[in-house]
Amino acid sequence: MDTDRYLEPDTAPTQLTQEYLMEESLEPGLHSTSPWRDSFRRFLRDKRAVGALVLLAIFILASLFLLPIYEHIGPVISERHGFVHIGPAKYHSPTYVDNLVENAPASSLHWLGTNYAGQDIFARLLAGIQVSLFVAVIVVGVMDVGLGIIFGVLAGYYGGILDTLLARFTDLIFAFPGLLFAVLVTGLFRQAALDRFGNDGPLYLVAITLGLTIWPQMARYVRGQTLSLKEQQFIEASRTIGTSSNQIILRHILPNILSLIFVAATLDISGTIINEGVLSLIGLGVQAPGSSLGLMIQESLANIPYFPMEAILPSLTLTIIVLAFSFIGDGLRDAFDPRSKD
Amino acid sequence: MTDLLTVRDLHTTFHTRAGDVPAVNGVSFTMREGETLGIVGESGSGKSVTALSIMRLLPTPPAEITGQEVLFAGQDLLEMSQDQLRALRGNKMAMIFQDPMTSLNPVFKVGFQIAESVRMHMNLGPRDSWNRAVEMLDKVGIPNAARRANDYPHEFSGGMRQRVMIAIALSCNPSLLIADEPTTALDVTIQAQILELMRALSKEFQTAVMLITHDLGVIAGMAQQVLVMYAGRLVEATDTRTLFAKPAHPYTQALLHSIPRMDDAQNERLQPITGQPPDLLKMPVGCSFAPRCPKAQARCQRETPPLVEVGAGQRAACFFPY
Amino acid sequence: MADETMLATSMTTDALLDVQDLKVYFPMTGGLLQRGGAVRAVDGVNFTIRRGETLGLVGESGCGKSTTGRAILQLIPVTGGKVIFNGMDITKLSPKAVRQKRAEMQMVFQDPFSSLDPRYTVAQIIGEPLVNFKRGNNREIDQRIRELLSTVGLPTNSLNRYPHEFSGGQRQRVGLARALALNPSLLIADEPVSALDVSVQAQVLNLMEDLQQKLGLAYLFISHNLSVVRHISQRVAVMYLGRIVEITASRQLYAQPLHPYTKALLSAIPMPDPVLEATRQRIVLAGDLPSPVAPPSGCHFHPRCPRAQALGNPERCRQESPTLTMATLDHAVACHFPEA
């Protein structure tokens, strides 16, 4: 009957153990470490998360700096019976179409070969990573975290009408599968976006649409965390010593939920990158000859039996990025809350 | 009275990332049948862990329980398999906890939860075990027991839930009841009711009670024998009257002086124990109370005092008792 | 109500805090359409606290003692009554003015773990009120923080440490230092030692007594522990379901309780004395604490009252709510049939 409580990780005896884990850093006489630095140290101990972080850093740096360099590597070559001379700035550009070198194998000229339209696959992979990260930054970094924090904290702290509105809005979003909504909106406004912003237009549209569908979840999460934090006595204590509500939010609530938001946001990034890929895959994302990992997969589908690498390479890249963010998210969660592990 | 429980040199260590925590450190004592034994100590003293180690209810790892023997009714609990222990727990030995709010399963009727325990251990049919459940609810003073057995835990107040827990614990006529801070979460007037109930029932059922508490008042009113624990060790063991009249260990003395009493001169200054209990990860060499002890001498910092007889039926772990 | 005003005025000579007919009701909103009743958490409470005095407020869970403390600080909205602090009714003040007033009334909390922000250093925690009220430049504030640390008996190397590095007793000292930063004249202490180990409780209680002596503080000491309240208070008020049932000098209350509830409460406390415990007459109250959502009619205590039972459950106890009446000089009791 009662034996079960002692087999669960969160019951009395393990709490005792946890107390000692928490007091790890207590070294009388030494300068003490802040909770942030403690978490950082714990994160560094997580080999999987650190590995993922390093790998991701390599991908990001490569997509930002290797692409411009790649566009300077390679000889000037003659095309079309020697009448046209082109350099690597052209044939290593991710958007350059050359029907004469369709589906070329890997070579010193095209490191990973070319696709059905003669575009350089390596260049397109790097550009595709850029697109994925751009979408992640806009969707999660700006809309998910930004709107999520603002509405979540305000609704949680003040309650009232704002809270009701948030609840209704999230209900609405939840009632509608996010991706389906994104498909509808991007499908409807794709042409308008193309007309207005050119080839990159659909990408902005995808980012904003995904952002719209994702932030209410974050806001609800932040609201919940704010509510439980509000019950802590130190918030009441702050009121008794004359701290205003704005200050309480900025100085006490935000710093205490920031770590949780970090974790949630990292995990949201994975989902968002996948969704962008899916939208591109069904032709609602980046317009060809532009590049995106999802688009690359879609383009390769027709030729999979003959040129499987054209599908494997972007898929693998996408998988690695998504997994990396997941591992980092898991690592952060364990680092910020040592109780969740062991 | 014969010996019911004999614990010899019990050690419980938690292996944590930060190091080994010796939560129980060489505890030995004997409990007789039908007797109420109080274990008193502050948080982290190891009093609860001692009880959980005896019941072998700690997850291993991180806990590691070792010891010479823990004899319960002639059987060594340390040698038993988990199956044998399960048959014993809730049957011959039962436990109640501090928090009556989380000890009951919210989705089952209270009567069912008592009957389940009865059915498991006493081989009674559904009807008989239900009747036994109602009988037990009546015994623990729940009015309209037959009707209340059909209620769910949330329909009971904190005090009533603790009564239900006692009913479950006593339903199989255990010879040992371990009560871990059974009244700490309750209000004073409700605490009085529960203590009264436990007194009456332990007499009626001839159950030995191991009462774990931090409240010396509760000990004074309930226990015949007392163990005082400090930082995982037993520092004093004696009968209750002697403990309060002539405490031998300086920690016991200090504890008695540091609590405000209803019958002292009202504005007498309290004599607190200076400092903090030791960090179990960094236990001092020698007597663990020495850093806070007014009587500590050089020897106390070097050697760990063993628990020895210092008076008639009084044992203390101190080189300079009284 | 004449008796109540007498009680109030008899002590106003040096009153720092005068609570008059304080009411705090929490509306029960089960939805927009169901406007039910209200939880009468505090239902007409009167008492005064003199300068430098400790008033103990005891009662069991749900009796409204903590709510009373928070209502005095205006941390929760007051439904009715007056809270006169230093001659001024602070229930009528604007939120801004209340913030200013709070500098003079501070609070110490029960939970030493959740009452300090885990991401702040001790210096930041104690400094927060000083920064809020702009008490000096950085150097002066730093000086004041060090002063406060030594006042509550913490070493100066605690300054840059975080709460998780301290034990419960030490954290309670940090909380006290924060409360004292603005030089308040009243400290509301809500179960300040309940979460501490017994050996550490005495340290904090002694510290609170020292601070009172040194700084002339008045305390409203809220606790369920009657031994602790008796030890630290000059006067004690006993609450039951939102009302004060008895209020008098601490010595008087424990020597000669008049209200049947006070008597039962006192007899229910386990005493650390086995000889006494073996012989003592206990009054064990029947039944549970009623819910403050639906308190019993008349005298809230009547269903559990041994006195009412002894008198054959008089009609009056069930019908009429007893008012707090002076029984002797400075001893008020709310009972129709008090027994000396």
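Quick caveat, the model's predicted, so the values are computed rather than measured. Residue numbering restarts at 1 for every chain, and letters A, B, ... go by the order of the sequence lines.
- Distance check: C/Y162 OH to A/R37 CZ gives 7.5 Å after rounding to the nearest 0.5 Å.
- With a threshold of 4.5 angstrom between heavy atoms, C/F133 approaches chain A through side-chain atoms but not through N, CA, C or O.
- The environment of A/F40 atom CZ is sparse: at most 12 non-hydrogen atoms of other residues, nucleotides or ligands sit within 6.0 angstrom.
- Residue-environment remark: CD1 (A/I161) stays at or below the threshold of 12 foreign heavy atoms within 6.0 Å.
- In terms of non-hydrogen atom pairs under 4.5 Å with chain A, the most contact-rich of C/V108, C/L116, C/L73, C/T121 is C/L116.
- The main-chain N or O of C/S114 is never found under 3.5 Å from a side-chain atom of A/Q233 such that the two would form a donor-acceptor pair.
- Residue C/P118 comes nearest to A/F234 through the heavy atom pair CD-CE2, 3.7 Å, listed as atom of the first residue, atom of the second, then distance.
- A donor-acceptor pair is defined here as one N or O able to donate and one able to accept, closer than 3.5 Å; such a pair exists between the side chain of C/N132 and the backbone of A/I241.
- Heavy atoms from other residues, nucleotides or ligands lying under 6.0 Å from CG of C/N137 number more than 12.
- Proximity to chain A (any heavy atom under 4.5 Å) is shown, for C/Q110, by both the backbone and the side chain.
- The two atoms that bring A/T240 and C/Q106 nearest to each other are O-NE2, 2.8 Å, heavy atoms only.
- For A/S245, no part lies under 4.5 angstrom from a heavy atom of chain C.
- Across C/R102 and A/R239, no two heavy atoms sit closer than the pair NH1-O, 3.1 Å.
- For A/H252 against C/D117, the heavy-atom pair with the smallest separation is ND1-OD2, 2.6 Å.
- Minimum heavy-atom separation, C/R119 to A/S259: NH2-OG, 3.7 Å.
- C/R178 touches chain A through backbone and side chain together, each having a heavy atom under 4.5 Å away.
- Counting heavy-atom neighbours within 6.0 Å of C/K82 NZ, excluding the residue itself, gives a total of 12 or less.
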Evaluate the criterion side-chain contact (heavy atoms from CB on, under 4.5 Å) for residue pair A/S244 and C/K96; output intermediate values, then yes/no. CA-CA 9 Å; A/S244 66; C/K96 204 170 171 184; over 6 Å; no
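- Under the 4.5 Å side-chain criterion, counting only non-hydrogen atoms from C-beta, A/D38 is in contact with C/H164.
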Stepwise side-chain contact (heavy atoms from CB on, under 4.5 Å) test for C/Y120 and A/R251: CA-CA 10 Å; C/Y120 273 40; A/R251 293 199 293 194; 3.0 Å; yes
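- More than 12 heavy atoms of other residues, nucleotides or ligands shown are found within 6.0 angstrom of OH on A/Y221.
- What you find for A/A237 and C/S115 is that their closest heavy atoms are CB-O, 4.2 Å.
- Proximity to chain C (any heavy atom under 4.5 Å) is shown, for A/E231, by neither the backbone nor the side chain.
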